[in-house]
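Please read these numbers as outputs of a predicted model, since none were measured by experiment. Letters A, B, ... are given to chains in the order of the sequence lines, protein chains preceding strands, and every chain is numbered from 1.
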Number of protein chains: 2
Amino acid sequence: MTSIKDIALKANVSIATVSRALNGSANVTPHTRARILQLAKELDYHPNAMARSLVQKSSRIFGYIVSGIKKGAKHTIVQDSLMGVYDYARSIGYEILMFVVDSDKQNKKSYLDFAREHSLAGVIMQGLRTDDAYYKDIIDSQIPCVLIDLPADCERVGSVSIDNYAAARTVMRHLVEKGHRHIAYLSGMDEAAVSTTRFQGYLSILKEKSIEQRADYILHGNFSEEDAYAALRGFLPGHPELSALFCASDLMALGAIKAARELGVRIPEQLAIVGFDDILLASFADPPLTTVRQDFSRMGYEAAKMLYKIIKGQATPHSKNIPYEFVVRQSG
Amino acid sequence: MTSIKDIALKANVSIATVSRALNGSANVTPHTRARILQLAKELDYHPNAMARSLVQKSSRIFGYIVSGIKKGAKHTIVQDSLMGVYDYARSIGYEILMFVVDSDKQNKKSYLDFAREHSLAGVIMQGLRTDDAYYKDIIDSQIPCVLIDLPADCERVGSVSIDNYAAARTVMRHLVEKGHRHIAYLSGMDEAAVSTTRFQGYLSILKEKSIEQRADYILHGNFSEEDAYAALRGFLPGHPELSALFCASDLMALGAIKAARELGVRIPEQLAIVGFDDILLASFADPPLTTVRQDFSRMGYEAAKMLYKIIKGQATPHSKNIPYEFVVRQSG
DNA sequence: TACTGCAATGTAAACGTTTTCATATCCGAT
DNA sequence: ATCGGATATGAAAACGTTTACATTGCAGTA
């Protein structure tokens with residue numbers, strides 16, 4: 001492992017000069033710089049990230065913190081957003097350190113400790129909920145951070161998502177235009193900002209179109225296929241008038257479809273179902289799912305980009321909406 | 001950020017003693033240790049990973065290197081294996097640093113440079129191919145490494161996968177027992193060990209059952225849905241006698257199904273198709289895919305476990321097969 | 001008592017950088 | 001010829017640990 005010292009020795013200069021030459025500092029003769037760069041290449045020099053981070057008190061590493069990912073996940077959301085983050089990070093010479101918030105809380109180590117121990121330059125959070133202990137920590141912390149799918153207000157904290165309100169309104173307008181008047185909302189969880197925001201969009205269209213808002217039309221699926229299935233199994237038999245269901249996620253829509261099928265409710269003839277996310281399975285569902293496509297990779301990319309600007313103190317809006325797409329298939 | 005120095009000051013001991021107390025060294029009075037531990041908690045002390053790594057010349061970080069992952073991946077393989085690796089890593093207090101080998105080779109930085117710059121304790125590689133430049137690097141490198149789905153021979157290099165040979169034989173026995181005599185193999189790529197090993201399994205059963213091995217029955221799908229589709233579009237019309245197809249991956253099987261459907265070939269009546277991997281889409285395919293289930297999460301977990309043993313110099317076999325499961329559905 | 005040896009602690013070097021401050025060199029202007 | 005002021009370089013501190021080696025103190029033994 002050749003170090004800056006070895007180069008300095010061979011080049012007959014001080015380590016300070018080598019450091020300056022390598023880092024592109026202005027005050028070094030073109031001739032000296034060339035010699036040092038040449039030597040660095042010859043000796044296969046690579047800077048020691050630890051040493052640099054130690055003195056600079058900050059590494060060139062982003063933390064990628066993901067919450068609520070279980071073993072056999074039925075979507076590639078995490079993978080996609082991670083790749084997006086990675087793409088941008090690498091373009092600026094940064095690396096990604098993983099941190100998974102276990103659901104079973106065995107992982108007591110807080111995100112802050114994690115970030116501090118590794119002198120992370122900043123952190124990107126995916127899948128966090130408002131009731132997560134980590135969410136509070138952010139407020140107090142000094143660590144730059146960008147949240148995906150969660151609103152932010154603080155100085156060093158940014159936020160990236162699609163315009164969930166508008167997207168939900170698009171879905172609802174579509175359903176109303178198709179003639180539906182009895183539309184239920186299958187909520188994810190109240191602690192997830194995306195779920196409540198989509199719900200607001202749902203409500204706003206009901207109001208605009210003067211459709212009665214019924215409290216019993218708010219179902220809860222906990223963002224889970226099984227819970228959605230159970231909810232619909234319980235709800236559908238008593239509500240033959242229901243003609244459309246707007247689900248806060250595709251996974252829940254799949255559970256709903258399963259329940260409907262078992263109860264002999266035909267989709268979309270008797271019940272139109274719309275999902276959200278456009279996960280891979282959406283187009284393979286039977287019938288293929290009408291849904292809102294989110295580009296998670298793009299989200300990750302934009303999140304990393306924003307994080308970098310925050311770190312560098314560059315001016316940037318702390319909240320960004322990226323484009324989405326309403327995909328009409330056969331389910332509703 | 002409180003450091004070891006702050007604790008030493010408050011406790012009226014030297015930083016060496018604090019370090020020893022914190023690291024559980026034997027030579028420190030229980031009383032002193034208790035006082036220091038207490039102080040550490042009070043001052044919310046967290047060790048600086050950079051400083052430690054710098055002096056120890058090795059961090060407590062595993063590199064997770066993944067190759068050939070593209071944007072809209074249609075499976076959760078990477079996500080799953082990554083989570084497996086993560087699970088074990090965290091259980092021993094290690095973190096995971098990502099490294100993606102871009103297909104477009106813009107990412108010139110080698111895995112070795114990556115590992116050295118961050119003083120990685122070791123590296124786990126997923127999805128590498130034998131012709132990958134990185135594969136060669138491993139031989140020369142001194143960095144402990146475990147490969148997933150790629151054979152290894154070197155001292156500090158281990159390998160984890162399922163028994164692809166046996167699995168392929170299971171598939172083939174199944175097909176032969178169903179009466180098939182004209183069975184083609186849809187290969188991934190020759191540079192992928194899993195593909196060639198499965199091919200060996202395919203051949204071995206043909207030989208055992210005295211079935212003629214035909215060179216034109218070896219198709220190439222490049223592990224891609226599109227290429228598989230194209231291959232079958234070209235092959236099927238000229239080979240009405242073909243009654244079964246063994247695909248080296250589910251994704252290729254999906255492409256094959258698509259081709260068959262467009263050509264009016266009914267599955268499984270006219271053509272039995274078997275895949276490999278049991279990705280999420282396999283059970284959603286039409287017809288649902290008969291395939292070999294691989295537990296990628298488990299693979300990742302075992303890979304991390306093996307890596308740790310290699311690092312610690314503990315005795316361990318450098319090659320491990322984990323269980324697989326043959327899943328019979330409707331496609332073949 | 002004086003010595004041996006071990007247990008507990010301290011001292012200081014080392015890890016590989018960046019960076020502040022000081023120094024030396026050179027060029028042009030007076 | 002002298003000075004001013006860049007410009008290029010060097011010396012050394014600092015980052016927060018671990019650890020080899022030195023020191024101290026104390027119990028046990030001769």
Overall bend of the helix from C/dT1-D/dA30 to C/dT30-D/dA1 (five pairs an end, 10° steps) is 60°

Compile the donor-acceptor pairs under 3.5 Å between side chains in residues 302-322 of chain B and protein atoms, sequence neighbours left out, one pair per line.
residue, atom, partner, partner atom, Å
B/Glu302, OE2, B/Arg298, NE, 3.3
B/His318, ND1, B/Glu155, O, 3.0
B/His318, ND1, B/Val157, O, 3.3

By the side-chain hydrogen bond (donor to acceptor under 3.5 Å, both in side chains) test, which pairs, at least two apart or in different chains, include something from residues 53-63 of chain B? none

Partners meeting side-chain hydrogen bond (donor to acceptor under 3.5 Å, both in side chains) with [X] (sequence neighbours left out):
{"X": "A/Ser67", "result": "A/Asp132"}
{"X": "B/Ser161", "result": "none"}
{"X": "A/Asn23", "result": "A/Ser19"}

Those residues at least two apart in sequence (or on a different chain) that pass salt bridge (Lys or Arg N to Asp or Glu O under 4.0 Å) with B/Arg52 are none

Tell me the ring-ring contact (aromatic ring centres under 6.0 Å, His included) pairs involving residues 44-66 of chain A, sequence neighbours left out? A/Phe62-A/Tyr94

Taking heavy atoms of chain B and a 4.0 Å limit, find me the 5'-most and 3'-most nucleotide of DNA chain D within that range. D/dG16 to D/dA20

Please enumerate all residues that pass ring-ring contact (aromatic ring centres under 6.0 Å, His included) together with A/Phe223, with sequence neighbours excluded. none

Would you tabulate the nitrogen or oxygen pairs shorter than 3.5 Å linking the protein to nucleotides 6-8 of chain C?
residue, atom, partner, partner atom, Å
C/dA8, O3', B/Thr29, OG1, 3.0

Give the residues of residues 43-52 of chain A touching DNA chain D, defined as any heavy atom closer than 4.0 Å, sorted by residue number. none

